[in-house]
Enquirer: 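Here you go, one structure.
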Amino acid sequence: MDVLDAETLYAALYLRTTSWEWPGERSDLHDGFSSIAAAFLAANEIASCALLDVPHPAMSNAGAEIYARYISLEQPRGGYFKAAESGSLELMSFIEGLYGLESFLHAAFPMHPVGDYASEASRDEEEAWGNQVRRALGEAADPQEDTYGIRSEPEWSYYRCAKEDISIFQGPEITAAFSALANATRKRSLPGVSGSLEVRGELHNFAPDEKVSRLTEIVGMLSGVKAESPPEVMSLENCVILGAHGFVVMAGAASGHRAFDSEKEQVLLRHQSEVEYLFRGSAFSWASSVGGAVSIPRSSPSPARAWSRRGQSNREGQRARWRPGLDSGLVHAAIGERRHAGKRSTTDH
C-alpha cells in the first residue's frame, strides 16, 4: 500500500512464492493462488481485479512462465482509497476482506507443503498429462513455450498455454474452491450481443461468448463429458474463469468495466433496432383516459402524433421517436381500454 498524499492511498496485491517452501517451477502456484484470490474478492463484491504477470528478471523469453503476479484492484475505485484520521470505511472493508481471503485460502489449500518431495509425480506422468492437454488445445499448444506439471500439494495438474493465454487446472482442491466462490456470488447475469453482462454490486464485468465457448470446448475434450448445463463462469477484469467436471480453466480476456460499457452500448443499439422493426407505433388510436386515472383534454393535440412512424414528421415539422420506457405503458393501457370496449380501431397517418 502506498501513501500518495495526505488524503489518498493506493493498494494492490503482489504474489510470489519461495523456492525453499515449494519445489519445482512455480508458475502454477502464482497462477492458481492469484486467480482464486481475485475470484474471492469478486465474489464478495470487494473488487474486480486485473492479473498482471511479472516477467522473469533474468530471462527475456520465459514462455508461459509466471515469475510473479500483481493483483490490481480495478473496480470500483481503481485501487485508490481516501485517507482520514477517523478511518476510511472502504479501506477497512478491503482490509477485512483480506483477512477473509487468508482464511479461505488456508481452508481450501495446504499453504505450507509438507512431506517428501520425492512423492511428486514422475516425468512420465507429467508428459502423459501434457500430451492430453495438447490434444485438447490443438494447434495452440507449443511444448517449447508452454509450461506444465503435476503437484501433490496442492493436489493438481497444471498446464499453461502461452499462445492463447489459457491456464488449465485439474484437481479437487482448486475445483472445490472455485465452485464455492462461483455459487456464493450474488451475480446478476444479463444476455448481451456477444456475451453476458455480469453485475455484482458495484462491479461490472463481461463474459465474452467466444472465450466461454473455447474454454467449454477444452473442458469437454479433457473430461469426455458433454456439457448439459451452463458451466460456472466468473469474469475478472482481464480474465474469464470457468469450472466444470473437475477442471478449472482460465483465459485472458477483455472482461472488465470497459468491455462491459462497450457491450452495454451494443445492447442499446440492438434494442433500438428491435423497437424500430417490431413495435412501430403507426396503427394506434388513443382513448380519452387511461385507466380512469389520466385524462387527455379533447382540445389537446392527439398523442398519436408522437407515435408517427420514424422518418415522418408531425404537423409542427418535428421528428418524433418512440421512447418505450415512458410511452409503452400508455400504449398498453390504451390497448386494454379498447379491449374492454370490445372493439379495435386504427388510425392511419
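All values below come from the heavy atoms of this structure, side chains included, with hydrogens, waters and symmetry mates left out.
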Enquirer: Quick one: does Asp31's side chain have a donor or acceptor within less than 3.5 Å of a partner on Ser27's backbone?
Expert: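 No, Asp31 side chain to Ser27 backbone: no donor-acceptor pair under 3.5 Å.
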Enquirer: Using only heavy-atom distances, determine whether the side chains of His257 and Glu74 contain a donor-acceptor pair under 3.5 Å.
Expert: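 No, Glu74 and His257 have no side-chain donor paired with an acceptor closer than 3.5 Å.
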Enquirer: Do Phe206 and Phe260 make the cut of ring centroids closer than 6.0 angstrom?
Expert: no
Enquirer: Taking Tyr148 as the fixed residue, which of Glu126, Gln132, Glu127 is the one that meets the side-chain hydrogen bond (donor to acceptor under 3.5 Å, both in side chains) rule?
Expert: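 Among Glu126, Gln132, Glu127, the one meeting side-chain hydrogen bond (donor to acceptor under 3.5 Å, both in side chains) with Tyr148 is Glu127.
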Enquirer: Please confirm whether the backbone N or O of Ser152 pairs with a side-chain atom of Glu155, one donor and one acceptor, at under 3.5 Å?
Expert: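 Not a single qualifying donor-acceptor pair exists.
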Enquirer: Short question: side chain of Lys211, backbone of Val240 - any donor-acceptor pair under 3.5 Å?
Expert: no
Enquirer: Go through the steps for Arg16 and Arg26 under the test side chain to side chain contact (heavy atoms under 4.5 Å, CB included), then give the verdict.
Expert: CA-CA 9 Å; Arg16 175 164 166 75; Arg26 306 189 305 281; 3.2 Å; yes
Enquirer: With side chain to side chain contact (heavy atoms under 4.5 Å, CB included) as the test, pick out the partner of His245 among Thr175, Val225, Leu222.
Expert: Val225
Enquirer: Tell me, do Asn205 and Ser48 make a side-chain contact under 4.5 Å, heavy atoms counted?
Expert: yes
Enquirer: Can you see whether Ser34 engages Arg69 through a side-chain donor-acceptor pair at a distance of less than 3.5 angstrom?
Expert: yes
Enquirer: I'd like to know if the side chain of Ser213 and the backbone of Asp209 have a donor-acceptor N/O pair within less than 3.5 Å.
Expert: yes
Enquirer: For Val193, does its backbone N or O pair with a side-chain atom of Glu263 as donor and acceptor, under 3.5 Å?
Expert: yes
Enquirer: Taking atom types as modelled, find out whether Glu202 and Gln75 have a side-chain donor-acceptor pair closer than 3.5 angstrom.
Expert: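 There is no such pair (donor and acceptor under 3.5 Å, judged by atom type) between the side chains of Glu202 and Gln75.
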Enquirer: Here's a test for you: under side-chain hydrogen bond (donor to acceptor under 3.5 Å, both in side chains), which of Trp156, Trp22, Tyr158, Tyr159 qualifies with Asp28?
Expert: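 That would be Trp156; it is the only one of Trp156, Trp22, Tyr158, Tyr159 passing the side-chain hydrogen bond (donor to acceptor under 3.5 Å, both in side chains) with Asp28.
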Enquirer: With distance as the sole criterion, is a donor-acceptor pair present between the side chains of Ser194 and Glu210 under 3.5 Å?
Expert: no
Enquirer: Report yes if the side chains of Tyr14 and Ile71 come closer than 4.5 Å at any heavy-atom pair, otherwise no.
Expert: no
Enquirer: For the CZ atom of Arg160 and the CD1 atom of Ile168, what is their distance to the nearest 0.5 Å?
Expert: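 Between Arg160 CZ and Ile168 CD1, I get 11.5 Å after rounding to 0.5 Å.
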Enquirer: So, do Phe33 and Phe109 have ring centers that fall under 6.0 Å from each other?
Expert: yes
Enquirer: Is the backbone of Gln144 close enough, under 3.5 Å, to the side chain of Asp142 for a donor and an acceptor to pair up by distance?
Expert: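 Judged by distance alone, yes, a pair lies under 3.5 Å.
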Enquirer: Can you give me the closest heavy-atom contact between Cys239 and Ser255, atom names plus distance?
Expert: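 The answer is N-OG, 3.1 Å.
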Enquirer: Indicate yes or no for a side-chain donor-acceptor contact from Lys187 to the backbone of Val233 under 3.5 Å, with no hydrogens or angles considered.
Expert: yes
Enquirer: Between the side chains of His30 and Thr17, does any donor sit under 3.5 Å from an acceptor?
Expert: yes
Enquirer: Counting N and O atoms only, with roles assigned by atom type, does the side chain of Ser273 sit under 3.5 Å from a partner on the main chain of Leu269, one being a donor and the other an acceptor?
Expert: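 No, because the side chain of Ser273 does not come within donor-acceptor range (under 3.5 Å) of the backbone of Leu269.
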Enquirer: Please report the C-alpha distance between Leu15 and Leu29 in whole Å, then the side-chain angles of each, then the deciding distance to 0.1 Å, and finally whether the side chain to side chain contact (heavy atoms under 4.5 Å, CB included) criterion is met.
Expert: CA-CA 9 Å; Leu15 191 149; Leu29 300 171; 5.9 Å; no
Enquirer: Under the 3.5 angstrom rule, does the side chain of Glu232 hit a backbone N or O of Leu242 as a donor-acceptor pair?
Expert: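 No, the answer is negative, given that no donor and acceptor are paired below the 3.5 Å cut-off.
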Enquirer: Is a donor on one side and an acceptor on the other found under 3.5 Å between the side chain of Asp53 and the backbone of Ala68?
Expert: no
Enquirer: Write down the atom of Leu51, the atom of Ala38, and the distance for their closest heavy-atom approach.
Expert: CD2-CB, 3.9 Å
Enquirer: Hydrogens and angles aside, do Thr18 and Glu21 bring a side-chain donor and acceptor to less than 3.5 Å of each other?
Expert: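 Yes - a donor-acceptor pair under 3.5 Å links their side chains.
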